[in-house]
Amino acid sequence: MKKLINGADSIVTDALRGIAAAHPALRVDLENRIVFRAGAPTPGKVGLVSGGGSGHEPLHGGFVGYGMLDAACPGEVFTSPVPDQIIEATKGVDGGAGVLHIVKNYTGDVLNFEMAAELGGDEGVEVATVLVDDDVAVQDSLFTAGRRGTGATLFVEKIAGALAETGAPLAEVARAAREVNERSRSFGVALSACTVPAAGKPTFELSDAEIELGIGIHGEPGRARAPMGEAREIVRTAMDAIHADLPLSGETLVMVNGMGGTPLIELYIVFAEVEAYLREKGATAARSLVGNYVTSLDMQGFSVTTCSLTGELTRLWDAPVETPALRWGR
Amino acid sequence: MNTDFFAAWIDEIAAAVRARRDHLTQLDAAIGDADHGANLDRGFTAVREALAGASPHTPGALLVLVGSTLIRKVGGASGPLYGTAFREMGKAFGEAAEVSPAELSTALDAALSGVRRLGAAAEGDKTMVDALAPAARALAQAVRDGLKAEEALEATAAAAEQGAEATIPLQARKGRASYLGPRSIGHEDPGAASTALLFGALRAAASR
């Protein structure tokens with residue numbers, strides 16, 4: 001697999017240079033590897049910090065801006081950020097109202113955010129944490145590291161970000177963030193493996209006749225391998241898994257997310273099937289996103305994320321947002 | 001074993017990680033996310049720079065600096081876990097200028113408890129604990145048997161290697177490999193493999 005890079009060791013830095021150059025509304029701290037809102041911190045506003053491995057663009061740097069994150073900490077490709085980064089980001093976005101850490105449930109992310117909270121405990125910033133764990137593909141979670149955090153991270157960041165923008169206190173913002181997570185479910189499918197630049201070859205081999213069901217966002221294999229089929233069948237498998245875990249009903253926020261290597265035309269085909277499935281269950285796709293939001297480098301595939309809406313969550317979802325990858329209403 | 005001995009250990013680790021970087025990454029590609037070798041290599045490169053800049057004077061200070069640097073530079077799960085292991089060992093050594101195999105054994109127990117507390121992993125979960133715990137046991141036994149330092153470290157390294165190999169038939173219950181369920185069976189755990197590498201480096205430092 002060819003990669004448009006200068007070298008495997010400078011990927012994150014080189015990408016951050018590009019982000020800084022392309023988006024004047026952001027301030028990029030290249031030394032600490034943090035993407036800030038240019039005006040951070042906002043006095044009196046709860047600061048939102050998220051982060052995780054690189055390779056999932058636009059997550060998280062693309063979601064820094066008005067109505068969403070105040071800072072993002074990108075780690076190396078598929079590797080969580082380090083505590084120093086998280087501490088610096090946290091200090092840099094504290095406007096006096098405390099900081100919410102939005103953490104995806106992966107062992108590395110959890111440990112590094114915990115270490116940051118521990119090591120940074122003397123900095124005097126009030127920190128609350130929401131753990132995103134929406135992936136229904138992880139079964140028997142008592143015997144694993146628990147459900148992974150995937151697409152719902154975007155929902156949590158958007159809705160908590162909108163609430164923080166109104167001046168709501170930290171406890172309120174954290175409560176809403178957790179509510180979004182509890183109401184959200186995801187399932188991912190891979191048509192191909194991705195290629196981590198440092199490894200230089202695909203993470204696993206998948207023939208043209210096979211797909212991986214129940215993948216995370218790091219190119220790791222899924223919970224099962226299945227024969228390739230029509231989009232309709234594959235979507236049904238994904239939606240059945242979601243519906244079995246949290247029955248779909250009422251107004252639903254839906255994201256059909258590409259993993260980085262899937263054309264939009266295919267994602268829209270998937271969305272049509274998702275929408276039909278929802279109607280069949282008596283639910284509606286009241287709000288939707290179709291595109292590449294939480295990717296796995298060059299992987300072909302998609303994930304579906306649903307969130308059962310309430311009046312408050314719909315209002316916060318519709319609230320203005322202005323970030324590189326998500327913007328409306330302003 | 002004095003500060004120079006532990007500095008030599010770190011050199012041996014850095015060289016072993018560099019030599020086995022691709023192998024560790026391939027093990028990780030099978031059941032994780034294909035970055036373990038690259039991460040540790042980056043971490044121990046940073047560790048050597050930190051040691052060159054600070055030149056700590058006791059084994060304890062040296063290992064605490066190693067641990068803190070790993071936490072700060074590696075990321076992922078291996079940064080905090082290995083970082084904690086080295087920090088706990090260093091703290092157990094205190095201010096001592098030289099440590100005996102018995103003191104190393106106590107420090108290794110502290111490292112093991114630190115890792116188990118942080119990762120909430122038990123033996124058999126297919127993690128680095130599956131190499132670390134047998135190594136700690138083997139060293140404790142060697143101390144009880146009154147073995148010389150070099151023989152004690154030989155036994156420790158051998159136990160870690162056997163422990164890592166014994167993860168192959170296990171199903172992962174912690175870390176990213178746990179998401180694969182039964183499909184994680186048949187692969188050596190990359191964390192256990194790198195732990196075995198660390199103890200192999202300890203043996204190499206002893207025979208220098």
Side-chain angles (χ1 to χ4, degrees), chain A residues 8-9 51-53 55 73 75-85 87 106-116 118-119 135 137-148 193-204 214-225 296, chain B residues 21-43 45-46 67-84 87 115 117-121 124-127 171-184 187 191:
Chain A
D9 292 334
C73 310
E76 288 292 327
V77 172
F78 291 174
T79 303
S80 61
V82 296
D84 283 10
Q85 247 177 310
I87 293 168
Y106 280 98
T107 308
D109 292 274
V110 172
L111 288 184
N112 283 281
F113 272 92
E114 267 176 14
M115 289 253 150
E118 218 170 280
L119 297 171
D135 182 10
V138 179
Q139 296 170 315
D140 305 327
S141 59
L142 285 178
F143 304 102
T144 66
R147 290 183 168 190
R148 297 174 284 218
C194 63
T195 300
V196 177
K201 58 179 187 186
T203 315
F204 52 87
I215 54 157
I217 57 172
H218 299 88
E220 65 269 54
R223 72 174 179 191
R225 196 162 275 200
S296 290
Chain B
R21 175 186 158 126
D22 291 346
H23 174 68
L24 290 175
T25 293
Q26 288 315 320
L27 290 179
D28 196 22
I31 56 174
D33 56 356
D35 66 359
H36 192 52
N39 281 349
L40 283 188
D41 190 20
R42 190 174 64 250
T45 301
S68 306
T69 307
L70 291 175
I71 292 174
R72 287 179 40 236
K73 297 293 181 188
V74 176
S78 47
L81 289 168
Y82 274 125
T84 296
R87 278 174 60 86
V115 167
R117 190 177 58 241
L118 197 60
D125 283 350
K126 197 173 179 111
T127 72
Q171 175 170 337
R173 287 196 293 255
K174 291 285 176 221
R176 205 166 281 168
S178 67
Y179 301 126
L180 271 71
R183 297 171 83 194
S184 63
H187 301 279

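This one's a predicted model, so the numbers in the text were calculated from it and none came from an experiment. Lettering follows sequence order; numbering is per chain, from 1.
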Report the distance from atom CD1 of B:Ile71 to atom OG1 of B:Thr84, rounding to the nearest 0.5 Å.
4.5 Å
Is the closest side-chain heavy-atom distance between A:His218 and A:Arg148 below 4.5 Å?
no
Chain A contact via B:Ser78 - which portion, at a heavy-atom distance below 4.5 Å:
neither
Okay, B:Gln26 and chain A: the region with an atom under 4.5 Å from a heavy atom over there is side chain
Is the closest basic N to carboxylate O distance between B:Lys174 and B:Asp125 below 4.0 Å?
no
Please confirm whether the backbone N or O of B:Ala177 pairs with a side-chain atom of B:Lys126, one donor and one acceptor, at under 3.5 Å?
no
Interchain contact, A:Ala224 with chain B, by part (heavy-atom threshold 4.5 Å)
backbone
Under 3.5 Å: donor-acceptor pair, side chain of A:Ser296, backbone of A:Ile217
yes
Leading residue by heavy atom contact count with chain A [cutoff under 4.5 Å; candidates B:Ala77, B:Gly37, B:Gly76]:
B:Gly76
Check the side chains of A:Thr79 and B:Asp35 for a donor-acceptor pair under 3.5 angstrom, ignoring hydrogens and angles.
yes
Please determine, among A:Asp109, A:Thr107, A:Asn112, the option with the most heavy-atom pairs under 4.5 Å with chain B.
A:Asn112
Which portion of A:Val77 sits near chain B, non-hydrogen atoms under 4.5 angstrom
backbone
Interface check, chain A: of B:Leu118, B:Val74, B:Thr25, most non-hydrogen pairs under 4.5 Å belong to B:Leu118
